[in-house]
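Data first, discussion second: the structure below is written as structure tokens.
Residues: numbered from 1 along the sequence shown.
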Amino acid sequence: MKLLLTSGGVTNPSIHSALVELLGRPIADCHALCIPTAQWGHPMCGPASVRSFIAAEPELDWRYLSGLGWASLGVLELTALPTVGAERWVPWVREADVLLVDGGDATYLCHWMRESGLADLLSSLPDTVWVGVSAGSMVMTPRIGDYFVEWPSAPDDRTLGVVDFSIFPHLNAFPTNTPADAERWAANIGVPAYAIDEQTAIKVVDGSVEVVSEGEWTKFG
């Protein structure tokens with residue numbers, strides 16, 4: 001897949017241009033599926049925040065993801081897919097131009113990507129764009145670190161490992177996400193890593209990694 005891994009979404013013109021380049025045509029011509037699944041695994045998320053993401057409420061941060069002006073928006077809830085059957089949901093995914101994957105807990109999202117079969121499908125979607133926010137980006141990395149595990153049933157901090165680096169999101173957005181916190185996290189993560197703020201994204205195409213930023217970011221390792 002083509003990956004646009006963000007902390008806060010498509011928050012500035014540089015990230016917006018990177019997204020349009022990945023899509024190959026205007027956002028208004030593209031069909032999107034929203035994946036809210038990670039939210040169910042995080043104690044700070046729930047029905048109201050899931051609804052806001054899907055409804056693309058303009059006054060909230062979802063204007064930077066589901067509220068960008070897509071030709072259409074659908075919902076792909078991964079926890080439902082095992083009971084639906086691949087013959088139904090796989091065509092939905094293949095017909096989408098972009099998957100918008102919201103934050104929450106990356107280990108919970110990873111679990112349901114595997115359980116649903118979506119993880120196995122990714123390699124057959126070379127033209128599909130994955131836009132992740134927070135956990136929706138971190139799930140593509142090898143590990144997220146115990147620092148970010150909120151799902152009580154998570155066996156460990158390992159995630160899909162589609163890319164070979166880890167991500168520390170929301171740099172300077174919260175009192176516990178300072179550069180010093182990021183440095184301590186990176187010291188134990190065991191792979192190259194990036195700390196990124198809300199104005200930064202990491203674009204990955206065919207193994208080529210590019211940081212797109214109008215804000216602050218640091219690479220470790």
Side-chain angles (χ1 to χ4, degrees), residues 3-9 11 34-55 57 60-62 64-66 75-82 99-116 118-119 122 130-163 165-198 200-202 217-218 220:
L3 309 179
L4 189 64
L5 308 178
T6 81
S7 176
T11 53
C34 299
I35 300 179
T37 305
Q39 289 207 33
W40 302 119
H42 198 287
M44 293 183 66
C45 303
S49 59
V50 169
R51 179 205 170 277
S52 295
F53 166 46
I54 293 168
E57 293 191 351
L60 300 174
D61 286 346
W62 286 281
Y64 300 126
L65 189 61
S66 48
V75 179
L76 191 72
E77 176 46 64
L78 303 188
T79 61
L81 299 189
L99 302 180
L100 308 176
V101 191
D102 200 22
D105 187 277
T107 60
Y108 185 81
L109 176 59
C110 179
H111 171 81
W112 282 106
M113 285 184 67
R114 288 183 171 134
E115 285 292 307
S116 67
L118 180 60
L122 298 183
W130 177 284
V131 182
V133 165
S134 193
S137 298
M138 298 166 77
V139 73
M140 291 298 193
T141 71
R143 295 181 57 200
I144 64 170
D146 294 339
Y147 192 79
F148 289 109
V149 177
E150 297 284 356
W151 181 38
S153 297
D156 50 45
D157 73 323
R158 288 178 293 177
T159 37
L160 294 177
V162 173
V163 299
F165 56 85
S166 290
I167 296 174
F168 182 103
H170 309 303
L171 183 64
N172 289 322
F174 305 112
T176 54
N177 285 52
T178 67
D181 294 315
E183 189 169 356
R184 285 191 292 270
W185 166 86
N188 296 307
I189 205 68
V191 294
Y194 294 86
I196 62 174
D197 70 359
E198 309 304 91
T200 299
I202 303 172
W217 62 279
T218 301
F220 301 97

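- Evaluated for a side-chain contact (heavy atoms from CB on, under 4.5 Å) with V163, the options V191, I202, T141 yield exactly one hit, T141.
- Using a distance-only test at 3.5 Å, with no hydrogens or angles considered, a donor-acceptor pair links the side chain of S7 to the main chain of H170.
- Listed by chain and number, the residues in a salt bridge (charged side-chain N to carboxylate O under 4.0 Å, His left out) with D197 amount to none (sequence neighbours excluded).
- Between P169 and F148, some side-chain heavy-atom pair lies under the 4.5 Å cut-off.
- G8 approaches E198 most closely through the heavy-atom pair CA-OE2, 3.6 Å.
- Aromatic ring centres of W185 and F168 lie closer together than 6.0 Å.
- Here the straight-line distance linking atom SG of C110 with atom CG of D157 works out to 10.5 Å at 0.5 Å rounding.
- Remark: R114 CZ to L78 CG distance equals 13.0 Å, nearest 0.5 Å.
- Looking at residues two or more places apart in sequence or on another chain, you find a side-chain hydrogen bond (donor to acceptor under 3.5 Å, both in side chains) between Y108 and W112.
- Annotation: the span from I35 atom CD1 to E77 atom CD amounts to 9.0 Å, rounded to 0.5 Å.
- Annotation: side chain of L122 is in contact with side chain of M113 (closest heavy-atom distance under 4.5 Å).
- Closest of all the heavy-atom pairs between L160 and M140 is CD1-SD, 4.3 Å.
- Here D102 pairs with Q39, W62 under the side-chain hydrogen bond (donor to acceptor under 3.5 Å, both in side chains) rule; sequence neighbours left out.
- Take W217 and apply the side-chain hydrogen bond (donor to acceptor under 3.5 Å, both in side chains) test, not counting sequence neighbours, and it matches no residue.
- Two residues are said to be in side-chain contact when any heavy atoms from C-beta on lie closer than 4.5 Å; P179 and E183 fail this criterion.
- A side-chain donor-acceptor contact under 3.5 Å links S52 and E57.
- When all heavy atoms of V75 and P36 are compared, the closest pair comes out as CG1-CD, 4.2 Å.
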Show your reasoning for whether side chain to side chain contact (heavy atoms under 4.5 Å, CB included) applies to L171 and I196. CA-CA 5 Å; L171 183 64; I196 62 174; 5.9 Å; no
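- The CD1 atom of I189 sits 4.0 Å away from the OG atom of S166 when rounded to the nearest 0.5 Å.
- No side-chain heavy atom of V149 sits under 4.5 Å from any side-chain heavy atom of D156.
- The minimum heavy-atom distance linking R143 with G190 is given by the pair NH1-N, 4.2 Å.
- With sequence neighbours excluded, the residues satisfying salt bridge (charged side-chain N to carboxylate O under 4.0 Å, His left out) with R184 are D181.
- We find the CG-SG distance between L65 and C34 to be 6.5 Å, quoted to the nearest 0.5 Å.
- The side-chain hydrogen bond (donor to acceptor under 3.5 Å, both in side chains) test applied to T6 returns no partner, not counting sequence neighbours.
- What you find for A135 and A106 is that their closest heavy atoms are CB-N, 3.6 Å.
- The line from OH of Y147 to CG of N177 is 5.0 Å long, rounded to the nearest 0.5 Å.
- Side-chain contact between W130 and L5 is present, with at least one heavy-atom pair separated by less than 4.5 Å.
- Heavy-atom minimum distance, P47 versus W40: N-CZ3, 4.0 Å.
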